[in-house]
Amino acid sequence: MAVNFLTNENIWFDKYKYDDAEVQYHRHLHGSVPTNTPVENTARDSPAVQENGASNILRDIARARENIQKSLAGSAIQGADNELCSRVTSLEKENQNLHKEVEELRLTLSKLELRLSTMEKSLTSAKPLVPAPTQPSKLPHPALLSQPSTKQPEEDDDDLDLFGSSDEEESAESERVREERLRQYAEKKSKKPTLIAKSSILLDVKPWDDETDMAKLEECVRTVQMDGLVWGASKLVPVGYGIRKLQIQCVVEDDKVGTDQLEEQIIQFEDYVQSVDVAAFNKV
C-alpha cells in the first residue's frame with residue numbers, strides 16, 4: 001500500500017515547476033522580467049537567469065535578516081533608553097530631596113548663629129566690671145581690733161603744745177591698754193581645746209608554731225602599756241597547718257605612739273612572738 005500511495009504522489013516530480021514559479025514571482029516583484037514571458041521556457045532555456053534568481057532570493061533573505069537585526073537592535077536601544085530615562089527621573093527626584101535637606105540645614109544653622117550671637121551680647125552686657133587691684137593693707141593684731149584709736153586729729157601750729165605733757169600721758173595709757181589686750185588674747189587662746197590626731201591600727205602577731213599558747217601570747221601583747229595607747233578587740237585567724245595568728249586592734253595618738261615603737265615593744269616577747277606586721281592603718 002505504501003508503494004501504491006507513492007505512485008499517486010507526484011509533487012516531488014514537479015518540483016522544478018514550483019522553483020520556476022518562485023523565481024518568476026521574485027523577478028516579477030523586482031521588475032526584472034516581463035510578466036508575459038513564459039516561466040517554463042525562461043527557467044529551462046537560461047541557467048544564468050536561474051542563478052540570478054537564486055542570488056536575488058539570497059539577497060532578500062539577507063535583507064530580511066538585516067531588517068530583523070535592526071528591529072531587534074532598535075527594541076534593545078529603546079529598552080535602554082527607557083531604563084536611562086527612569087534612572088534620570090529617579091536622580092532628579094533625589095537631587096530635589098537633597099536640595100530641600102540642604103535648605104533646611106541652612107535655616108537651622110542661621111537660627112543657631114542668631115541665637116549664639118544673642119547669648120554673647122547678653123553675656124557681654126551682664127558681665128560686671130572688674131575693679132582695679134588694690135594694695136593689701138596691713139591688718140592690725142586681733143587683740144588690737146577693739147582698741148580705741150588714740151590718733152589725735154591734726155591741729156594747727158598755733159595750738160601745738162611745746163611741752164608735750166599730755167602726749168606722754170596718753171602714750172602711757174595706750175601702752176597699758178595694749179598690754180592688757182594682749183594678755184587677754186593669750187589667755188583665751190590657751191583655753192581653746194586643741195584637736196588630738198589619732199589612728200586605728202590592726203596588728204598581725206604571728207607565733208612560732210601551732211604549739212604556741214595563743215592566750216598567753218595575747219596576754220603578753222596587752223601588757224604593753226604606753227601613754228596614748230588603747231587596746232581593742234582581737235581574734236585568732238588560721239594561717240595554715242594548724243597555725244593561727246593573733247589580730248588585735250588598737251587606737252594610738254600620733255604624737256605619742258608610733259608604729260615602730262609599738263612593734264619593738266611586742267617583739268620583745270620572743271618566746272611567743274615570731275613577727276609583727278601592720279595589717280591596716282586608718283586615721284580616726
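All of these numbers come straight from a predicted model, not from anything done at the bench. Note that these values count all heavy atoms, side chains included, but never hydrogens, waters or copies made by symmetry.
- Salt bridge annotation for D254-K283: present, with a cationic side-chain nitrogen under 4.0 angstrom from a carboxylate oxygen.
- Considering CG of L84 and OG1 of T89, their distance stands at 9.0 Å, rounded to 0.5 Å.
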Do L203 and V221 pass the side-chain contact (heavy atoms from CB on, under 4.5 Å) test, and can you show the C-alpha distance, the side-chain angles, and the key distance before you say yes or no?
CA-CA 11 Å; L203 297 175; V221 170; 5.9 Å; no

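- Heavy-atom contacts from other residues, nucleotides or ligands closer than 6.0 Å to CZ of F281 number more than 12.
- Among all heavy-atom pairs drawn from E270 and W208, the shortest one is O-NE1, 2.7 Å.
- In the hydrophobic clustering of this structure, M214 groups with I248; members are Ile, Leu, Val, Met, Phe, Trp, Tyr whose side-chain heavy atoms approach within less than 4.5 Å, directly or through other members.
- Remark: R181 CZ to R178 CZ distance equals 12.5 Å, nearest 0.5 Å.
- The side chain to side chain donor-acceptor pair (under 3.5 Å) search around T259 returns none, not counting sequence neighbours.
- In terms of hydrophobic clustering, with Ile, Leu, Val, Met, Phe, Trp and Tyr side chains grouped at heavy-atom distances under 4.5 Å, L202 and V273 are assigned to different clusters.
- Shown here are the salt bridge (charged side-chain N to carboxylate O under 4.0 Å, His left out) partners of R63, two or more places apart in sequence or in another chain: D60.
- Atoms OG and CG, from S90 and N95 in turn, are 11.0 Å apart once rounded to the nearest 0.5 Å.
- Salt bridge E180/R183: present, at least one basic N to carboxylate O contact under 4.0 Å.
- In this model, no donor atom of one side chain and acceptor atom of the other lie less than 3.5 Å apart for N282 and S200.
- To the nearest 0.5 Å, the span separating SG on C250 from CD1 on I266 amounts to 7.0 Å.
- Scored by the salt bridge (charged side-chain N to carboxylate O under 4.0 Å, His left out) test, D277 finds K206 as partners (sequence neighbours excluded).
- To the nearest 0.5 Å, atoms CG (L105) and CG (L109) are separated by 8.5 Å.
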Go through it in stages, so that I can follow the logic: the residues are E173 and R176, the test is salt bridge (charged side-chain N to carboxylate O under 4.0 Å, His left out), and I'd like the CA-CA distance, side-chain angles, deciding distance and then a yes or no.
CA-CA 5 Å; E173 182 66 20; R176 185 184 64 80; 2.5 Å; yes

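- By the salt bridge (charged side-chain N to carboxylate O under 4.0 Å, His left out) test, E219 pairs with no residue at all, sequence neighbours left out.
- Judged as a salt bridge (charged side-chain N to carboxylate O under 4.0 Å, His left out), and not counting sequence neighbours, the contacts of D204 are K245.
- For the pair R106/E103, a side-chain contact is recorded, criterion being any heavy-atom separation below 4.5 Å from C-beta on.
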Indicate every side-chain donor-acceptor pair of residues 224-239 with a distance under 3.5 Å to a residue at least two apart or in another chain.
residue: Q225; atom: NE2; partner: R222; partner atom: O; Å: 2.8
residue: D227; atom: OD2; partner: K256; partner atom: NZ; Å: 3.4
residue: W231; atom: NE1; partner: V224; partner atom: O; Å: 2.8
residue: S234; atom: OG; partner: E218; partner atom: OE2; Å: 2.5
residue: S234; atom: OG; partner: R222; partner atom: NH2; Å: 3.4

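- For the pair K70 and E66, the salt-bridge criterion is met [side-chain N within less than 4.0 Å of a carboxylate O].
- Interatomic distance, L29 CG to Q24 CD, rounded to the nearest 0.5 Å: 10.5 Å.
- Residues L217 and I243 do not share a hydrophobic cluster, clusters being chains of Ile/Leu/Val/Met/Phe/Trp/Tyr side chains in contact below 4.5 Å.
- Taking 4.5 Å as the limit, some side-chain heavy atom of L116 sits within range of a side-chain heavy atom of E120.
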